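Just so it is clear, the structure is predicted and the values come from calculations on it, not from any experiment. So that the names make sense, note that chain A is the first sequence line, chain B the second, and so on, each numbered from 1.
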Protein chains: 2
Amino acid sequence: MNDHRRYAHAIELLRAAKLRPTRQRMALARLLFASGHRHVTAETLHTEALEAHVRVSLATVYNALHRFTATGLLREVVVDGQRSCFDTNTTDHQHFFIEEEGQLQDIPAANVQITGLPTPPPGTSIRRVDVIVRVAKVPG
Amino acid sequence: MNDHRRYAHAIELLRAAKLRPTRQRMALARLLFASGHRHVTAETLHTEALEAHVRVSLATVYNALHRFTATGLLREVVVDGQRSCFDTNTTDHQHFFIEEEGQLQDIPAANVQITGLPTPPPGTSIRRVDVIVRVAKVPG
DNA sequence: GTGTTTGCAAAGTGTTTGCAATTTA
DNA sequence: TAAATTGCAAACACTTTGCAAACAC
């Protein structure tokens, strides 16, 4: 994706989400949605922005990640209690989590079938089923 | 379970885990493993201990929870980025998570079948598959 | 006695917040 | 110009750590 397309794509996403296309949000959206799907934390995205010479505060990165999540541009993935992880793939899918690296990898939902779930507790309904396949590196 | 059995059970668990049965660990083990399975956070267990007139510091509760987890007496469940949750049920099973309450509920593994998982990333092997069924309260 | 565990208070980590200054529509 | 957004620094919630005193074996 070239610069112009990236820009057009970013502004379109922000418009659709009814978020003002500020310089900071545009830059973050371009980093996030340039190509392919990504998993980021506030810290990694902030670092990436600074490396791309985008002046943006960490607080604004947090703010943007939450707004993007609230408007469906991102999805939050809970894998460890330490840091929040955000995924640009908002479609139904699951994750591998490589413990040593703290790295996520998507598993297409099409592959995975979950059967035999009991009915949810009385007075509740299922909002989402999260599957985290925790993997560890093996010698060799 | 009566007091004597609770005591015997706790000391047996600690011995098996090769942890010294200190007053604090004994008290926490009795609270945790008295009957049925439980989900606790450091905070809830600490509060419970104080209510039972057991003098124990929060730091020691954290310490105990981690030692218990490392020795297989407990299992950690990652459901939200805020706090660590520990489960006395260390057998293979899954969870309902009631979002409004932050409450966990076990799903027996026997029920649940997961099929179609792709092979794990090269050089890794599956350590565990965590399923969190996130449910929300519905009106009525 | 020797090594382990505890408790405290301090430090640490990741995240949120209050608010004045800036930017967007 | 009215409303939204930013950046900073302070506050926050949860967790870990350093270390002297207490404890278990």
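- Between the P atom of D:dA24 and the CG atom of B:L14 lies a distance of 12 Å, rounded to the nearest Å.
- At most 12 heavy atoms of other shown residues, nucleotides or ligands fall within 6.0 angstrom of atom CD in B:Q82.
- Going from atom NE2 of A:H9 over to atom OG of A:S35 covers 10.5 Å, rounded to the nearest 0.5 Å.
- Of the options B:N89, B:T44, B:D87, a side chain to side chain donor-acceptor pair (under 3.5 Å) to B:H39 is made by B:D87 and by none of the others.
- Annotation: salt bridge (charged side-chain N to carboxylate O under 4.0 Å, His left out) contacts of A:R38 (sequence neighbours excluded): A:E48.
- In this structure, the side chain to side chain contact (heavy atoms under 4.5 Å, CB included) partners of B:Q105, at least two apart in sequence or on a different chain, are A:P121, B:F96, B:I98.
- For A:T22, a side-chain nitrogen or oxygen approaches OP1 or OP2 of D:dT6 to under 4.0 Å.
- Counting only residues at least two apart or in different chains, side chain to side chain donor-acceptor pair (under 3.5 Å) contacts with residues 113-134 of chain B comprise A:E99-B:R127, A:D130-B:R134, A:R134-B:D130, B:R128-B:D130.
- Between B:F86 and B:H66, the two ring planes are perpendicular [angle over 60°; tilted spans 30° to 60°].
- The hydrophobic cluster around B:V138 extends to none of the other residues, as no ILVMFWY side-chain heavy atom falls under 4.5 Å of it.
- Listed pair B:H66 / D:dT15 fails the phosphate criterion, with no side-chain N or O lying under 4.0 Å from OP1 or OP2.
- Of the residues in residues 73-83 of chain A, those with a non-hydrogen atom less than 4.0 angstrom from any atom of DNA chain C are A:Q82, A:R83.
- The salt bridge (charged side-chain N to carboxylate O under 4.0 Å, His left out) test applied to B:E101 returns B:K137, not counting sequence neighbours.
- Mapping A:N63 and B:S84 onto DNA chain D by nearest heavy atom places A:N63 closer to the 5' end of the strand.
- Alongside B:V78, the hydrophobic cluster contains A:V78 (criterion: ILVMFWY side chains under 4.5 Å).
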Contacts under 3.5 Å, N or O only, protein and nucleotides 7-11 of chain D:
from, atom 1, to, atom 2, distance (Å)
D:dG7, OP1, A:Q24, NE2, 2.9
D:dG7, OP2, A:S57, N, 3.1
D:dG7, OP2, A:S57, OG, 3.3
D:dG7, OP2, A:T60, OG1, 2.6

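- Of the residues in residues 38-53 of chain B, none lies under 4.0 Å from DNA chain C by heavy-atom distance.
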Taking only nitrogen or oxygen atoms into account, show me every contact under 3.5 Å that the protein makes with nucleotides 2-4 of chain C, one pair per line with its distance.
from, atom 1, to, atom 2, distance (Å)
C:dG3, N2, B:R20, NH1, 2.9
C:dT4, O4', B:R20, NH1, 3.2

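- With A:D80 contributing its side chain and A:R83 its backbone, the two residues share a donor-acceptor pair below 3.5 Å.
- Over its full length, the helix from C:dG1-D:dC25 to C:dA25-D:dT1 turns its helical axis through 30°, comparing axes from the five pairs at each end and rounding to 10°.
- Within 6.0 Å of CZ on B:R15 lie no more than 12 heavy atoms contributed by other residues, nucleotides or ligands.
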Tabulate below the donor-acceptor pairs under 3.5 Å that side-chain atoms of residues 52-64 of chain A make, not counting sequence neighbours, or state none.
from, atom 1, to, atom 2, distance (Å)
A:S57, OG, A:T60, N, 3.2
A:S57, OG, A:T60, OG1, 3.1

